[in-house]
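So the structure is just underneath, and the comments pick up after that.
Every chain is numbered from 1 and lettered A, B, ... according to where its sequence line falls, protein lines coming before strand lines.
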Number of protein chains: 2
Amino acid sequence: MEALDPLLHQPLRTQLAAFLAGAGEASFSELKRSLDVSDGNLESHLKKLIAADYVSLQRSEGPGRAQTRYSMTPTGLAALQRYIQALHKLLPIGAEGLAGAGHLAGNTGS
Amino acid sequence: MEALDPLLHQPLRTQLAAFLAGAGEASFSELKRSLDVSDGNLESHLKKLIAADYVSLQRSEGPGRAQTRYSMTPTGLAALQRYIQALHKLLPIGAEGLAGAGHLAGNTGS
DNA sequence: CATATAACTCTGAACTACAGAGTTAATCCA
DNA sequence: TGGATTAACTCTGTAGTTCAGAGTTATATG
């Protein structure tokens, strides 16, 4: 059976990776606002993704308040793609697979 | 942002739910073999799914070795469908979304 | 009847997730 | 100028989760 990358298969990190992949890059606060998560929690999950080289950071220079921008690395994007493919294999995604399975089905909502 | 059911968004439980949804039902040993997991681990994850009424069990009667068959409940199937839809919204599934994102892309492997 | 084995269940250790307190440094207003 | 405020992190301890393997029960088998 297909294994799911445990680094990506966690609610907050899946969202984090998906958001960064979609947005290109984001600041700490943007991520915090978008994912509605506490500072500490965001930090610890970002750290894991950074440690795995899935996410990279770039500190802004110049005037104004210091700010770090986070983005997916090529490694991270590749892992995300592999992860999505694993989900595809595992789940009957996009094929109404559950409704059509036969057993127990038929009550799948209006 | 779309929340992912934490009960389903865990490697082993996603596989468990997907397997049961696909197979209709399975015994403890079949699950153990298919998912390649230790007894204790399988038990504890099954317990969570049962506690949430995502999975039901039916003990076999009659002669022969007792055996419990596990299957998804309607509640579980509905949750799985919602989960899959949440994944859809979150991830650029099936749309080559990552490769086309622009930033950082272009190295997405030949 | 003794041994083996399938089918679970329990327990505790290791790891993960999380919130909030703490830190640093830039901006604001008098 | 300088004290207060706030944004942007970072650290730490607690609570919760995951996991393997030891333990249990009951059936089959020599």
Side-chain angles (χ1 to χ4, degrees), chain A residues 1-20 23 25-52 54-71 79 83 90, chain B residues 1-20 23 25-52 54-71 79 83 90:
Chain A
M1 214 160 177
E2 198 68 32
L4 293 168
D5 185 340
L7 214 60
L8 291 177
H9 199 66
Q10 194 278 339
L12 195 50
R13 287 195 299 266
T14 304
Q15 288 183 257
L16 216 57
F19 184 88
L20 283 178
E25 58 162 45
S27 69
F28 191 88
S29 323
E30 281 161 10
L31 292 172
K32 209 174 74 146
R33 256 175 265 122
S34 300
L35 307 186
D36 189 33
V37 69
S38 70
D39 292 28
N41 202 12
L42 176 56
E43 150 87 0
S44 86
H45 286 293
L46 274 174
K47 248 187 186 163
K48 283 188 191 186
L49 293 175
I50 291 164
Y54 280 14
V55 164
S56 65
L57 53 83
Q58 189 192 2
R59 289 191 187 272
S60 67
E61 315 245 324
R65 204 178 274 278
Q67 208 194 35
T68 303
R69 309 237 91 211
Y70 298 90
S71 59
Y83 169 66
L90 194 58
Chain B
M1 212 160 177
E2 198 68 34
L4 293 167
D5 185 341
L7 214 61
L8 290 177
H9 200 66
Q10 195 279 339
L12 195 50
R13 287 195 299 266
T14 304
Q15 288 182 258
L16 217 54
F19 185 87
L20 283 179
E25 57 162 45
S27 69
F28 191 89
S29 323
E30 280 161 9
L31 291 172
K32 209 175 72 146
R33 255 175 264 122
S34 299
L35 307 185
D36 190 31
V37 68
S38 70
D39 291 29
N41 203 11
L42 176 56
E43 150 86 0
S44 86
H45 286 293
L46 274 175
K47 249 186 186 164
K48 284 190 189 186
L49 293 175
I50 291 165
Y54 280 13
V55 164
S56 65
L57 52 82
Q58 191 193 0
R59 288 190 188 273
S60 68
E61 314 244 326
R65 201 178 279 277
Q67 208 193 34
T68 302
R69 309 237 92 209
Y70 298 91
S71 59
Y83 169 67
L90 193 59

### Message
By nearest heavy atom, map Asn41(B) and Arg33(B) onto DNA chain C; which one lands nearer the 5' end?
### Response
Arg33(B)
### Task
Measure from CZ on Arg69(B) to C1' on dA6(C) and round the result to the nearest Å.
14 Å
### Message
Under 4.0 Å, heavy atoms only, any strand: does Ser29(B) hit a base, just the sugar-phosphate, or nothing?
### Response
sugar-phosphate
### Task
Go through Leu46(A) and Leu31(A) one step at a time and tell me if the side chain to side chain contact (heavy atoms under 4.5 Å, CB included) criterion holds.
CA-CA 10 Å; Leu46(A) 274 174; Leu31(A) 292 172; 4.2 Å; yes
### Query
Heavy atoms, side chains only, cut-off 4.5 Å: are Asn41(A) and His45(A) in contact?
yes
### Query
Considering only side-chain heavy atoms of Ser44(B), which listed nucleotide, dC19(D), dC11(D), dC18(C), is closest?
dC19(D)
### Query
Which nucleotide, dC8(C), dC19(D), dC9(D), lies nearest any side-chain atom of Ser38(B)?
dC19(D)
### Message
Output the rounded distance in Å from NE2 (His45(B)) to P (dT17(D)).
### Response
11 Å
### Message
Expressed as a whole number of angstroms, how long is the span from Glu30(B):CD to dC8(C):C1'?
### Response
15 Å
### Query
Between atom CG in Asp39(A) and atom P in dA19(C), what is the gap in whole Å?
10 Å
### Task
Give the nucleotide from the list dC18(C), dT10(D), dT17(D) with an atom nearest to the side chain of Lys48(B).
dT17(D)
## Note on the structure
In whole angstroms, the gap separating C1' of dT17(D) from CG of Leu16(B) amounts to 16 Å
### Task
Assign each of Gly40(A) and Pro6(B) to its nearest nucleotide of DNA chain D by heavy atoms, then name whichever residue's nucleotide is nearer the 5' end.
Gly40(A)
### Query
So does Gln10(A) get a side-chain nitrogen or oxygen closer than 4.0 Å to the phosphate oxygens (OP1/OP2) of dA17(C)?
yes
### Task
For Leu42(A) and dT16(C), give me the distance from atom CG to atom P, rounded to whole Å.
18 Å
### Task
Counting heavy atoms from C-beta on, name the nucleotide in dC9(D), dC10(C), dC18(C) closest to the side chain of Leu12(A).
dC18(C)
### Query
Taking only side-chain nitrogens and oxygens of Arg13(B), does any of them come within less than 4.0 Å of OP1 or OP2 of dT18(D)?
yes
### Query
Looking across every strand, which nucleic acid part, if any, lies under 4.0 Å from Lys32(B) by heavy atom: base, sugar-phosphate, or nothing?
nothing
## Note on the structure
In whole angstroms, the gap separating C1' of dA6(C) from CD of Gln67(B) amounts to 9 Å
### Message
Could you tell me if the side chain of Glu30(A) sits less than 4.5 Å from the side chain of Arg69(A), heavy atoms only?
### Response
yes
### Task
Report the nucleotide, chosen from dA8(D), dC19(D), dC8(C), that has the shortest atom-to-atom distance to any side-chain atom of Phe28(A).
dA8(D)
### Query
What orientation do Phe28(A) and Tyr70(A) show, parallel under 30°, tilted 30 to 60°, or perpendicular over 60°?
tilted
### Query
Touch check for Ser27(A), heavy atoms < 4.0 angstrom, all strands: base, sugar-phosphate only, or nothing?
nothing
### Task
For the pair Asp5(A) and Tyr54(A), evaluate side chain to side chain contact (heavy atoms under 4.5 Å, CB included) and give the outcome as yes or no after the intermediate values.
CA-CA 12 Å; Asp5(A) 185 340; Tyr54(A) 280 14; 2.7 Å; yes
### Message
What is the separation between atom NE2 on His9(B) and atom P on dA17(C), rounded to the nearest whole Å?
### Response
11 Å
